[in-house]
Amino acid sequence: MTTPTADRIRTLLGKAPVVDGHNDLPWTLRTRVRYDLDALDIGVDQTASGLHTDIPRLRRGGVGAQFWSVYVPSTLDGGAAVTATLEQIDAVRRIVQRYSDDLAMAYTADEVEAAWGRGRIASLLGMEGGHSIDCSLGTLRMMYALGVRYVTLTHFKNTPWADSATDEPGVGGLSAFGHEVVRECNRLGMMVDLSHVADSTMHAAIDTSTAPAFFSHSSARALCDHPRNVPDDVLARTGDTNGIVMVTFVPGFVNEECRVWIDALIAEEQRLAKTISDASPEYYEAQLAWVARNPRPPCGVGDVAEHIDYVRGVAGVDHIGLGGDFDGVISTPDGLEGVDGYPTLLGELAHRGWSDEDLAKLTWHNALRVLRDTEATAREAQRVRGPSQATFTELDARVAPVAVVVRTAASADVDLSALARFNLSDIAEALADHSYEHRWILDPASGELHFRSEYDDEQDLDEDVDPAWIAIDSIPSYIWYQDMVDFAEQVTDVNTARHLAIALDGKGAFRRFKNVVFSDPELGPAWNAFNGVRGKRRAVEWLLDNDLVDEATAYAYSDAHPDPDLP
């Protein structure tokens, strides 16, 4: 029996089918049957097997285009990650070839529309994790040549050049090479996927990218406080870039009870992975057994609809889509047990007052617009530059000039243990030669620090700032986090931390100080101070508004143009 709403949704999907931003069927086929398409034939309904995805249910769900994730775990790195990703791409191509009456590869927005016009479900590739390029822009370009149309900058762990939402801060967002990855994606026409990345990475990528912001499968942080979800300030910036957040159905990202549950599940998965390969049927069976013992808290279509409504309210109806993450999770919300659940979700939104025009934006038009805009960005970029010749070693892994943070305090001993890897004579020379009016001189023989002034032979410490710090340039993130954290943890004075906001330069070091040192809500605007020119200008305005520094000093340290109206 049909209902008026069901008929309405069926008609809608005939004109504007679902573009789904993320489906992990390829990895599930790898782990369960090693890509044996006879053992799990998705040409027939596979509900009984536990799969969320098969062609009959894609048809019933009104899916017109599917981004197949060519995910590999972040436990793989280097050549192993690249090889596994190529095998995933091969698997998708084999699936599309086997079921060519229903599926067709697509690489552009026009090809997506053409495939649907021929009655096929357009199949696109999304690469979930920057570890799949092994710190190589050449590999990134070859992945694009093989059909990959988005790259998620990180997965569960950091890459050497980008911070993940679910790992400790590493480079403060994006390293120099990370920014180059974003620029090369723009030149290629590959969408920069910000699902899975840290907030700092989201902002850094949006600052650098000339294409629309893109999230393949994330929900709203305000409704579920999981770091994988998108905070309000980034939702707003996504709208400003004409981008899209494709709301996901992962229970742990949908409500707080399920967030606690999924954290426990992930902990169990990490424990299992120590003794069982996460690419094995035994691992899958162990996951099922844990879920049987620890049932998921209540979660349903209404919870997902709340996120969709919320993202619409902040980012705008033109900047929202759907990214289910089917077959990427062991449990889905009630009513969304498989890819045939989209009409149920759309029916819920219709009952909430969504018009057919707005539902069509959600399902089809927004995603196609972002893909087209990314293609247009690439055409423009290719007019002015060729393939980047930059390398990770050149931009990130070189040994930088001596650049350290040294502690000086009249009331405490100076601990130089964290500087053991540096040549003290070089440090002393760097400090002595630096063009500050006042500076600290480090005696490499005794390890003592002496304050020197242009005008006075010696001067007492400012007793209002204890300990007092001075930052010379910035240190590379890999040196910072490994060697300087002991110093950072000694900073407890908020006023001192404010001075660091002025002194540290553009490599995200200030955010790393924030994460390991102090928490002061008044400093919030400066936490994003030094990634991108716009961020620098915001930092300058904040520093000046709070009378923390004079205008000339603020602009000199931030390297921002004094005219905030300039592009």
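Residues take their numbers from the sequence shown, with the count starting at 1.
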TODO: Consider only side-chain N and O atoms of Ser277 and Ser280, and report whether a donor and an acceptor are under 3.5 Å apart.
DONE: no

Does the distance from a Lys or Arg side-chain N to an Asp or Glu carboxylate O, for [X] and [Y], drop under 4.0 Å?
| X | Y | value |
| --- | --- | --- |
| Asp233 | Arg237 | no |
| Asp356 | Arg8 | yes |
| Asp334 | Arg296 | yes |
| Asp309 | Arg352 | yes |

Open item on the list: Quick one, Phe156 with His196, criterion ring-ring contact (aromatic ring centres under 6.0 Å, His included). Give me CA distance, side-chain angles, the key distance, then yes/no.
Closed with: CA-CA 7 Å; Phe156 193 73; His196 277 288; 8.0 Å; no

Considering non-hydrogen atoms only, spot the tightest contact between [X] and [Y] and give its length.
| X | Y | value |
| --- | --- | --- |
| His131 | Pro73 | NE2-O, 3.2 Å |
| Met127 | Ser132 | SD-CB, 3.6 Å |
| Ser195 | Ser218 | OG-OG, 2.7 Å |
| Gly243 | Val370 | C-CG2, 4.0 Å |

- [ ] Can you establish whether the number of heavy atoms outside Gln270 located under 6.0 Å from its atom CD is more than 12?
- [x] yes

Open item on the list: With a 6.0 Å cut-off on the ring centroids, do Phe249 and Tyr342 count as close?
Closed with: yes

Open item on the list: Would you say the ring centers of His226 and Phe253 fall short of 6.0 Å from each other?
Closed with: yes

TODO: State whether the side chain of Asp278 and the backbone N or O of Ala273 hold a donor-acceptor pair below 3.5 Å, judged by distance alone.
DONE: no

Open item on the list: I'd like to know if the side chain of His52 and the backbone of Asp327 have a donor-acceptor N/O pair within less than 3.5 Å.
Closed with: yes

Open item on the list: Within 45 degrees of the ring normal and closer than 6.0 Å to the centroid, is that where the cationic atom of Arg369 sits relative to Trp364?
Closed with: no

